[in-house]
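Here's the structure, in structure tokens; my notes come after.
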Amino acid sequence: MHPRFLRFRPSVAGLAFLGLLWGLVLAPGCGRKEAPSATGDFRGRTLRIGTDATYPPFESVHDGELVGFDVELGNLVGEELGARVEWTNTSFDGVFPALLAGKFDLVMSAVTITPERQERLAFSDPYYTAGQRVAARQDDLSITGIESLRGKVAGIQINTTAALVLQKLPDVQVRQYPSIDLALQDLLNGNLAGVVGDSPTLRYFIHHGFQGLRTTGDLLTEEHYGIVMRPDDVALRTAVNGALKRLRDSGRFAALEEKYFGAAAQQARPALSGVPWGSVARRLLRGMALTLGLTVLALLAGLPLGLGVALGRRAKPKVVSWLCGAYVEVLRGTPLLVQIIFIYYALPQLLGVDLAPFLAAVLALTLNSAAYVAEIFRAGIASVDPGQAEAARALGMSSAQAMRFVILPQAVRNVLPPLTNEGIALLKDSSLVSIIGMAELTRSGQELASQLAAPLAIWPLVAVFYLLATLPLTRLAAALERRLQNQR
Amino acid sequence: MALVEVRNLHKRFGAVDVLRGVDLTVQPGEVVVFVGPSGCGKSTLLRCLCGLELPSEGEVMVGGVPVRDDAVALQALHRRVGMVFQRFHLFPHLSALQNVTLAPRKVLGMPDAEAEALGRRMLSMVHLGDRADAFPAQLSGGQQQRVAIARALAMKPELMLFDEPTSALDPELVGEVLEVMRELAREGMTMCVVTHEMGFAADVAHRVLFLDGGRVVEEGTPQQVLREPKQPRTREFLSRLLQR
Ligand SMILES: Nc1ncnc2c1ncn2[C@@H]1O[C@H](COP(=O)(O)OP(=O)(O)O)[C@@H](O)[C@H]1O
Ligand SMILES: [Mg+2]
């Protein structure tokens, strides 16, 4: 479980406050600011497409590049419309909120058209027909299809249409996984009887890294993938459908299908001989750099802010101390994940400022860590002997001078160890920003694991990189502590 | 004019009446010693004199200025009155010299060089000229208390308050602190001292006040109060003190 969740103590006031703000944002009429093109002419415009590139062969990251059927199709659609295409790779949990918040114009991420989704989202004409299928171990002959999963445990990727299939079989126990490769790994390990997933994706993984598995039984569903848009983007929908039709008519669509799903594709793509360690390490290094950068920036900003809040809580004016107390309550009492989503998706609509994902991530981590830092400083200040403040006052110092020259220097020594802990917790919790598309270390690991179909090779490596990232922090803190000790 | 004038001073903490009508006058250059049983309000009285506590009732005047609830006026008072605490309250993150120079630099805005010269002078006065760079943790209790005295003196106070300055010290360290206080008294410093060191009181004090139950019970020269007490409560207290 995630540390920041473990530290989460629900505070009714905090949740109520966030809930209230949220309600304001989602209230009808509080729409996004960018008006859809009414003319239907997209020439020279930029189409922003969101995707979760952990789903080969539809979308994945290869050597730092987005590749896959959806990606090529999206580029072709852009070409047809004379528009530039800009891709954003983000986690599947985040794609629809981002679309609705106006961060993207389209989502192409092997999205199945379902009635539930159609209530909130608009779909293009279907562009691919897939179906759910069961994957099982090669040596487990008892699994022959969906019926044979009754009374057993099956895995699916979270938020996918596989859940709908299994809803009809209540005696199958369902486990949800953040990405399909983790479900398949658990199947391989013997913890699941089967995995239900998209047939082409299952085929891809079995072909690439999970040779011990097989697909079995009939296609359980006929599912149609569609390109997702906001319901009010009518002109865009018309234009996209027109482009899809032209691509079909010209044969380019069929060529693309043949490239990815034709018989030649199945043979031509040999199973990977091994993990390309060099490029994996480079990707993880980049992820680690982002993780470290986010953490250091958030700490640099969060330390003074937290100190300010801690001092504010001691301030004479009731309003100031109340506000600072409320700040700590709200930010400590709500999950970081919720705060990240709120700042990225809701704040722009409340304030009319559009934050880049990186800024939103730094802001969310800063505001969150400041609340913890404030509490650490508060405890540190409280642990200084009250006689110190009296002695300072008796010498004629103002309370600000007493704080600055007498209390804080002593408090700082007391707070170094808990501040180090906070820094490390923040470093690990920063993985939550993957929900707004930051390819930090955890997300890089996720992408690599699914691209290479090798979760067992990637995740231990991710752990090592986290360890490497925390070491400088702990070394720095230890050195600081030693220096302060020597001063006594 | 009297340096300190206290009239009908009451101090309450919630429902507890700690001081119940204290009258006191201290002339410049006078050394006044307060004695009395634990909890009778001696510390509270000193804290009222230096503005760390405000009167609940009655009046405290220092140098003709009444003590009142006003941050600026209180800061001005703190500058004129030095306080030495039972438990020293030295700043542990600063060296002896820095402890002494901090307030002159930050409160009086004294230039660093001048403050350092002053600090070294003050430390020599308490016979610690050679320990200027030591941190409090490296000093004995007696040395720490002498640094605390130097720290208070560096603000050039008109009045010095001592709240049981030697009662947290090992017996063999008491003498060095009392010696410094004797020297101060000889130089004419006005001092209010809470102490149970009867020898010091007898030698140095101009006046001894016996407090009990938040009131001044007996008052006079050391000879009168310590040798020939009139009040039974004073006699009882002194005999218990001698039995220790
Ligand atoms: N800030 C305070 N709040 C409540 N009670 C106090 C406070 N300061 C002192 N007292 C009480 O006042 C009484 C006198 O305290 P004090 O002046 O320290 O006595 P002494 O120094 O003579 O031993 C004690 O009973 C003490 O508990
Ligand atoms: Mg006392």
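All values below were derived from every heavy atom in this structure, side-chain atoms included, with hydrogens, water molecules and symmetry-related copies excluded. Residue numbers begin at 1 in each chain, while the letters A, B, ... track the order of the sequences. Only a predicted model underlies this, so the values are computations on that prediction, with no experimental measurement involved.
Contact annotation for A/Gln401: only side-chain heavy atoms (C-beta onward) come within less than 4.5 Å of a heavy atom of chain B. Using a 4.5 Å cut-off between heavy atoms, B/Leu74 does not touch chain A at all.
Among all heavy-atom pairs drawn from B/Pro92 and A/Gln410, the shortest one is CG-OE1, 3.2 Å. Across all non-hydrogen atoms, the minimal contact from A/Ala391 to B/Arg151 is CB-NH2, 3.6 Å.
Taking CZ of A/Arg413 as the start and NE2 of B/His93 as the end, the distance is 7.5 Å to the nearest 0.5 Å.
The most heavy-atom pairs under 4.5 Å with chain A, out of B/Leu90, B/Val72, B/Leu108, come from B/Leu90.
Looking at B/Gln75, its side chain never comes within 3.5 Å of a backbone N or O of A/Leu395 through a donor-acceptor pair.
Taking a 6.0 Å sphere around CZ of B/Arg68, one finds it holds 12 or fewer heavy atoms contributed by other residues, nucleotides or ligands. Within 6.0 Å of atom CZ in A/Arg314, 12 or fewer heavy atoms from other residues, nucleotides or ligands are found, so the atom counts as exposed in its surroundings.
Inspection of non-hydrogen atoms places B/His78, B/Arg79, B/Val81, B/Met83, B/Phe85 of residues 77-86 of chain B under 4.5 Å from chain A.
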